[in-house]
Amino acid sequence: MSADGPEARRCGLVAVIGAPNVGKSTLVNRLVGTKVSIVSPRVQTTRSRIMGVAMAGPAQIVLVDTPGIFLPKRRLERAMVRAAWDGAGDSDIVLLLIDAERGLDGPSARIAERVIATARRPLAAINKIDKVRREALLRLAAEARDKGFADSVFMISALTGDGVEDLRKHLAAAMPEGPWLFPEDQVSDLPARLWAAEVTREQVFHLLRDELPHASAVATDAWIEQEDGAVRIEQTIYVQREGQKAIVLGAGGRQIKEIGSRARAELETTLERRVHLFLNVKQRADWQDDRGFYGELGLAFDA
Ligand SMILES: Nc1nc2c(ncn2[C@@H]2O[C@H](COP(=O)(O)OP(=O)(O)OP(=O)(O)O)[C@@H](O)[C@H]2O)c(=O)[nH]1
Ligand SMILES: [Mg+2]
């Protein structure tokens with residue numbers, strides 16, 4: 001294949017950035033075509049940078065899903081926001097995602113300004129257009145263009161897929177010529193053990209209330225291949241306070257059983273094999289101050 005032929009390979013990094021809960025991970029999953037990043041109705045679901053690989057003909061679009069950007073207070077929060085901005089800095093294109101309902105409210109407006117000021121190629125997409133009326137949408141698009149996104153404002157629904165193929169085409173055409181970063185059949189850069197922990201953490205975010213999801217972390221302690229083709233996965237759910245342990249376990253252990261059975265179902269579907277999942281709950285007040293935890297997620301401990 002000649003470098004200047006019509007099929008010359010293209011590849012680049014697109015950071016998806018925005019306020020918490022605007023649908024960044026949903027969009028990355030939609031573009032990749034399979035779930036590589038967990039999604040929940042709660043804010044601060046994504047904790048680290050996760051790469052998802054989307055293909056479009058000769059172009060490989062490496063999407064960088066990032067944690068939502070907010071005003072961080074604690075160490076983990078600072079590391080999350082730092083990971084998001086680092087993701088933007090390392091990319092060819094920064095795609096700012098805006099929630100159609102919330103619009104360019106305070107937090108999104110501040111993120112937009114920084115993206116415009118720093119990104120080599122800023123792009124905006126208004127997401128969740130399935131939730132708003134057309135007039136409101138057009139007003140918001142005009143506002144985004146005025147902010148500096150000029151003629152590059154997309155309107156999409158990551159949930160229904162509306163508008164997403166237009167965006168994919170635009171991104172593909174904007175990718176610089178160059179070799180692919182990932183093999184064609186690889187969908188994400190997450191190691192299997194980390195991905196498996198994320199699958200369980202997603203259920204924690206779906207099934208538990210209040211501050212509990214944010215007070216917990218999941219680690220894969222063991223991944224054991226079995227002779228019959230099944231895999232045995234052992235994980236620990238860490239919580240910060242003793243009282244939270246009882247909530248994760250639930251009456252008669254029902255809650256953790258539900259978390260485990262939902263996570264196992266997803267692990268089995270994706271891995272296409274039987275999974276024996278064993279979940280433990282441990283209290284560790286200081287898991288958010290454990291250097292190893294940050295290293296594993298690729299987060300900066302001293303952000
Ligand atoms: N109606 C509608 N809901 C959406 C759309 N995209 C995402 N959502 C929902 O919005 C919620 C948040 O989605 P996520 O993809 O987790 O959002 P995020 O921006 O990655 O969130 P953080 O990782 O916490 O920053 C979930 O309940 C999604 O199902 C959309 O286009 N339309
Ligand atoms: Mg996310």
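All values derive from a computational prediction rather than experimental measurement. Each ligand, and each atom within it, is numbered from 1 in the order the structure gives. Just the heavy atoms: all of them, side chains too, but no hydrogens, waters or symmetry mates, feed the values below.
With a 6.0 Å radius and a threshold of 12 heavy atoms from other residues, nucleotides or ligands, Arg42 has its CZ atom above the threshold. Within a 6.0 Å radius of CD in Glu296, no more than 12 heavy atoms belonging to other residues, nucleotides or ligands are found. Shown here is Arg273, whose CZ atom has more than 12 heavy atoms of other residues, nucleotides or ligands within 6.0 Å.
Taking a cutoff of 4.0 Å between a charged side-chain nitrogen and a carboxylate oxygen, Arg193 and Asp221 do not qualify as a salt bridge. Between Glu258 and Arg262 there is a salt bridge, with a side-chain nitrogen of the basic residue lying less than 4.0 Å from a carboxylate oxygen of the acidic one. By the 4.0 Å N-to-carboxylate-O rule, Glu135 lies too far from Arg139 to be salt-bridged with it. Using a 4.0 Å cut-off between charged side-chain N and carboxylate O, Arg49 and Asp65 make no salt bridge. Electrostatic pairing of Arg284 and Asp290 counts as a salt bridge here, judged by a charged N lying under 4.0 Å from a carboxylate O. Between Glu77 and Arg74, at least one side-chain nitrogen of the basic residue sits less than 4.0 Å from a carboxylate oxygen of the acidic one, meeting the salt-bridge criterion.
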side-chain contact (heavy atoms from CB on, under 4.5 Å) between Val22 and Lys24, worked out: CA-CA 6 Å; Val22 297; Lys24 299 176 294 297; 3.7 Å; yes

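For Val43, every heavy-atom contact with ligand 1 shorter than 4.0 Å involves the backbone, none the side chain. Here Ser37 has no heavy atoms under 4.0 Å from ligand 1, in either its backbone or its side chain.
Taking only nitrogen or oxygen atoms, main chain and side chain alike, Thr45 reaches within less than 3.5 Å of ligand 1. In terms of N/O distances under 3.5 Å, ligand 1 is not approached by Pro67. Note: no N/O pair closer than 3.5 Å links Ile156 and ligand 1 by distance alone. Below 3.5 Å of separation, one finds no N or O of Lys131 facing any N or O of ligand 1. Backbone and side-chain nitrogen or oxygen atoms of Ala158 are examined, and one is located within less than 3.5 angstrom of a nitrogen or oxygen of ligand 1.
Listed by number with element, the atoms of ligand 1 under 4.0 angstrom from any heavy atom of Pro20 are 25 (O). Atom numbering of ligand 1 starts at 1 in the shown order; those under 4.0 Å from a heavy atom of Gly68 are 25 (O). Using a 4.0 Å cut-off to heavy atoms of Ser157, the atoms of ligand 1 that qualify are 30 (C), 31 (O), 32 (N). Close approach of ligand 1 to Arg42 is summarised as follows: ligand atoms under 4.0 Å from at least one heavy atom of the residue are 24 (O). Listed by atom number, the atoms of ligand 1 under 4.0 Å from Gln44 heavy atoms are 24 (O).
Looking only at heavy atoms of the protein, atom 27 (O) of ligand 1 is closest to Pro41 CA, 3.5 Å. Scanning all protein heavy atoms for the shortest distance to atom 25 (O) of ligand 1 gives Lys24 NZ, 2.8 Å. Distance from atom 17 (O) of ligand 1 to its nearest protein heavy atom, with residue and atom name: Gly23 N, 3.1 Å. In terms of protein heavy-atom proximity, atom 26 (C) of ligand 1 is nearest to Ser40 O, 3.5 Å. For atom 22 (P) of ligand 1, the nearest protein heavy atom (residue, atom name, distance) is Asn21 N, 3.6 Å. Here the heavy atom of the protein found nearest to atom 32 (N) of ligand 1 is Asp130 OD1, 2.7 Å. Of all protein heavy atoms, the one lying nearest to atom 8 (N) of ligand 1 is Lys128 CE, 3.7 Å.
Under the 6.0 Å distance and 45° angle rule, Arg201 counts as a cation-pi partner of Phe205.
Of the options Asp65, Thr26, Asp162, Val16, the smallest heavy-atom separation from atom 13 (O) of ligand 1 is shown by Thr26. The residue among Ile129, Val164, Asn127, Leu159 with a heavy atom at the shortest distance from atom 29 (O) of ligand 1 is Leu159.
Trp287 places a side-chain N or O within 3.5 Å of a backbone atom of Ala215 that can act as its donor or acceptor partner.
Minimum interatomic distance between Ala263 and Leu277 (heavy atoms only, all atoms of both residues): CB-CD2, 3.8 Å.
To the nearest 10 degrees, the Mg ion (ligand 2) sees OG of Ser25 and OG1 of Thr46 at an angle of 90°.
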